[in-house]
Amino acid sequence: MTISSNTNRFTVYAPGRVNLLGEHTDYNGLPVLPMAIDRRIRVYGAPRMDAMVAASREDIPQESVEFALRSPIPKHPQGHWINYVKAGMQGVLDSLTQSETQEIRGCDLMVSGTIPQGVGLSSSSALVVASALALLKANRIDRPPIALAEQMAEAEHYTGTRGGGMDQAACLLSRAGHLLKIDFFPLRAAPVSLPDGVTVVICDSLIRAKKSETALKAYNLRALECRFAVLLLRRFLHRKGDPADFQRLGDLLLPPWNLGYPELARLAEEALKDSYGYSELCSALGDEEAIRSLLLDYSFDDDGENLSFACGKRFRHVIRDAQRVELGKRLLQERNVRGFGRLMNEGHDSARNDFEISRPELDRLTEAAREQGALGSRLTGAGFGGCTVNLVYSDEAERFRQAMYESCYAMTQPKPPIEETVLNTDPADGAQVVNESSIC
């Protein structure tokens, strides 16, 4: 597809991200500490006069997809890239007034980018954000970035992933040279400077956690287990006569509960078993109809009765990882990079043992990184594959990259290029829209 010669052509840039501390905490209402990376989705666009969208990818230009901006936008099969374009645009449609919806104009889009796909660097969320920004630009509609980040977190549920808002907030709100401390419900974001003298290196495990396959269910199961854990905590507090109308774990840090993290950890330890079978869960909650409704909502309508739900283990990780975010922010402000690196190592161990989202390939990469001098090394993103993120001294970064490449990829056939497997990155700015005078 060729972008029209319309003089209102534009380009949207939306970065990927890595997360250094706080994994699977966002949808529990607890903080994270990611950063945008200097690899990004790029969308060339031009407005149309009708309410149609025509989108294609630069790497497969023959596959152009067209759809109408009528809500709800029909989905393509699970995992198709166009669903991420549609998700961003459905999110925009959901936010429009009736008059804005009636006047909506579509756009022609060409998608490309430098974020490796399927490796946990949030290329999918970057595409959701970029597509929303493209539609807003085509219609000359402005949205505050923080409001758009909240909208896009909800919008991405269109694709079937029941995640939180970290990826979208990092994509829209990041600042070059900084990590981003993000809190949720409501969304708040504050930049945290990455001290001079250290840099971030990303290592690809070469394991692809495809969102159309088993990893999607594994991810959604973790979110569902956390939801069941909230219901169990609510029932426990109700029996004690305490207020029990909270929706997320993070609500317990706020009035009227005002718990600190140590108290929250003790409460979870007292109220939750490590794991529940289906019958145990029904007995503990006393509401099988509500359980079945949640199973259906999280796409476990067929096999829910055969699952076990590790509610206590999941919350043990979530609470401790949120604590690591709070401590990590302070350590960075004190320029204590060694202490921060230790928190990264602890976060990986917790993600492996209590949240169970690691794999042997990720564990081997983190072990090798620590042997090669990384201050800290952990998986990043949803888990089940993808990448590790490593904090290293800047003057050691090139030696570290070469050593990791030789020790971890030498036996891989065909041997992948180092620039595609061991990536230097700097904290980057969030998404931008640029007017273009000419686009080929």
Side-chain angles (χ1 to χ4, degrees), residues 1 3-4 6 8 10 12 14 27 41 43-57 63-111 122-165 167-169 171-172 185-187 211-212 216 220 223 293-294 296-299 301 431 433:
M1 183 184 77
I3 300 297
S4 75
N6 190 314
N8 294 318
F10 54 85
V12 182
Y27 55 81
I41 291 292
V43 174
Y44 294 137
R48 295 170 60 117
M49 298 306 296
D50 57 17
M52 296 293 294
V53 174
S56 62
R57 283 172 42 175
E63 186 188 345
S64 180
V65 181
E66 294 193 12
F67 59 91
L69 291 169
R70 299 190 186 95
S71 188
I73 301 172
K75 298 179 184 179
H76 266 59
Q78 183 75 50
H80 196 289
W81 67 271
I82 197 63
N83 282 336
Y84 297 96
V85 175
K86 290 181 173 183
M89 296 192 173
Q90 181 67 65
V92 170
L93 292 181
D94 291 343
S95 74
L96 298 179
T97 65
Q98 184 174 0
S99 61
E100 287 175 325
T101 301
Q102 291 173 344
E103 298 174 2
I104 196 76
R105 298 170 62 186
C107 47
D108 294 327
L109 304 177
M110 175 69 78
V111 177
S122 199
S123 61
S124 55
S125 292
L127 181 54
V128 172
V129 167
S131 300
L133 288 171
L135 185 58
L136 291 169
K137 176 65 176 177
N139 287 274
R140 299 181 181 180
I141 297 172
D142 290 326
R143 288 284 185 272
I146 199 159
L148 185 61
E150 289 189 300
Q151 291 165 2
M152 290 303 103
E154 180 68 26
E156 196 161 335
H157 292 176
Y158 175 100
T159 68
T161 303
R162 297 302 299 256
D167 296 348
Q168 300 81 8
C171 182
L172 280 157
F185 307 108
L187 182 66
K211 293 185 178 179
S212 59
L216 176 61
N220 284 350
S293 177
L294 278 170
L296 180 63
D297 195 32
Y298 284 78
S299 303
D301 49 315
V433 182

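Values below: all heavy atoms of this structure, side chains included; hydrogens, waters and symmetry mates excluded.
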Distance from Ser95 atom OG to Gln90 atom CD, nearest 0.5 Å?
-> 10.0 Å
When every non-hydrogen atom of Val85 is compared with those of Ser131, the smallest separation belongs to CA-OG, 3.3 Å
What distance do Ser299 atom OG and Asp297 atom CG have between them, rounded to the nearest 0.5 Å?
-> 8.0 Å
To the nearest 0.5 Å, tell me how far Met152 CE sits from Cys171 SG.
-> 11.0 Å
For Cys107 and Met89 the tightest heavy-atom approach is SG-CE, 3.9 Å
Verify whether one side chain among Ser56 and Glu63 offers a donor that lies under 3.5 Å from an acceptor in the other.
-> no
Hey, which of Leu127, Val12, Ile82 is the one that makes side chain to side chain contact (heavy atoms under 4.5 Å, CB included) with Val111?
-> Leu127
Taken to the nearest 0.5 Å, the spacing of Gln151 CD from Asp94 CG works out to 9.0 Å
Heavy atoms, side chains only, cut-off 4.5 Å: are Gln168 and Val128 in contact?
-> no
Exercise: identify the closest heavy-atom pair between Gly106 and Ala138 = O-CB, 4.0 Å
Look at atom CG of Asp142 and say whether more than 12 heavy atoms of other residues, nucleotides or ligands are closer to it than 6.0 Å.
-> no
Quick one: pull up CG in Leu172 and CZ in Arg143 and give me the separation to the nearest 0.5 Å.
-> 13.0 Å
Considering residues at least two apart in sequence or located in another chain, which fulfil the ring pair (Phe, Tyr, Trp, His ring centres under 6.0 Å) criterion with His76?
-> His80
Check whether NZ of the Lys or CZ of the Arg Lys86 lies under 6.0 Å from the centre of the six-membered ring of Tyr158 and within 45 degrees of that ring's axis.
-> no
Side chains of Thr161 and Glu156: do they bring a donor and an acceptor to under 3.5 Å?
-> no
Of the non-hydrogen atoms in Tyr298 and Ala223, which two are nearest, and what is the gap between them?
-> CE2-CB, 3.9 Å
Can you check whether Ser125 reaches Tyr84 side chain to side chain, under 4.5 Å on heavy atoms?
-> no
Heavy atoms, side chains only, cut-off 4.5 Å: are Leu148 and Leu136 in contact?
-> yes
Residue set satisfying side-chain contact (heavy atoms from CB on, under 4.5 Å) with Asn139, at least two apart, ordered chain then number -> Ile104, Arg105, Leu135, Ile141
Spacing of Ser124 atom OG and Trp81 atom CH2 [to the nearest 0.5 Å] | 14.0 Å
For Leu187, does its backbone N or O pair with a side-chain atom of Glu150 as donor and acceptor, under 3.5 Å?
-> yes
Polar side-chain atom of Asp108 near backbone of Ala55 as donor-acceptor pair, under 3.5 Å = no
Any side-chain heavy atom of Thr97 within less than 4.5 Å of one from Glu103?
-> no
Which pair of heavy atoms, one from Ala126 and one from Ile41, lies closest together, and at what distance?
-> CB-CG1, 3.7 Å
How close do Gly88 and Ala132 get, heavy atom to heavy atom, and via which atoms?
-> O-CB, 3.6 Å
Heavy-atom side-chain proximity of Arg140 to Asn8 below 4.5 angstrom = yes
Is there a side-chain contact between Leu69 and Thr101, using heavy atoms and a 4.5 Å cut-off?
-> no
